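Being a predicted model, the structure only gives us computed values, none of them experimental.
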Amino acid sequence: LGAIQNTCGEIEYVYAMQQAGLVGKLQAFVGSGDENLASFARACLANMRETILHAAAARRHRAAAQ
């Protein structure tokens, strides 16, 4: 999950992971009872959320500039 966590900073990868159903798998890992696995899964989800928010803000900024 460490490698996946690193790719969560790029919106194209986030979209691909969403389409592949990875969000549900990560959420399952969070509740797995394995704290090491859950920690990585939470970090992946947090990175994905941050990337999505950043991409949305960038789109709004570009739209406002036009």
Side-chain angles (χ1 to χ4, degrees):
L1 283 178
I4 292 173
Q5 182 180 345
N6 292 338
T7 63
C8 292
E10 297 186 37
I11 195 65
E12 295 81 12
Y13 289 118
V14 171
Y15 289 152
M17 287 183 247
Q18 287 176 319
Q19 289 180 333
L22 186 63
V23 173
K25 292 181 192 305
L26 290 170
Q27 290 170 334
F29 289 155
V30 168
S32 70
D34 179 333
E35 189 48 43
N36 191 42
L37 184 60
S39 177
F40 276 107
R42 278 192 297 273
C44 289
L45 291 167
N47 287 357
M48 292 174 81
R49 183 173 39 255
E50 188 65 29
T51 299
I52 291 167
L53 290 172
H54 179 73
R59 280 193 303 273
R60 282 192 300 271
H61 179 69
R62 282 193 303 272
Q66 292 180 353

Practice task
Could you tell me which non-hydrogen atom of Thr51 sits nearest to which non-hydrogen atom of Gly9, and how far apart they are?
Solution key: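 Where Thr51 meets Gly9 most closely, the heavy atoms are OG1-CA, 3.3 Å.
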
Practice task
Please report the closest heavy-atom contact between Cys44 and Cys8, naming both atoms and the distance.
Solution key: O-SG, 3.8 Å

Problem - Partner of Met48 under side-chain contact (heavy atoms from CB on, under 4.5 Å), chosen from Ile11, Thr7, Val23, Ile4 - result: Val23

Handout entry: Straight-line distance of Phe40 CZ to Asp34 CG, nearest 0.5 Å
Key =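 Phe40 CZ to Asp34 CG: 10.5 Å, rounded to 0.5 Å.
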
Exercise for the section: Hey, could you give me the CD/CE distance between Glu12 and Met17, rounded to the nearest 0.5 Å? Expected result: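 Glu12 atom CD to Met17 atom CE measures 10.5 Å (nearest 0.5 Å).
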
Problem - Steps toward side chain to side chain contact (heavy atoms under 4.5 Å, CB included) verdict (Gln18, Ile52) - result: CA-CA 11 Å; Gln18 287 176 319; Ile52 291 167; 3.4 Å; yes

Practice task
Please answer whether the main-chain N or O of Gln5 pairs with a side-chain N or O of Asn47 as donor and acceptor at a distance below 3.5 Å.
Solution key: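 Here the side-chain-to-backbone pair exists.
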
Please tabulate, one pair per line, all N/O donor-acceptor pairs under 3.5 Å involving side-chain atoms of residues 55-66, not counting sequence neighbours.
residue : atom : partner : partner atom : Å
Arg59   : NH1  : Tyr15   : OH           : 3.3

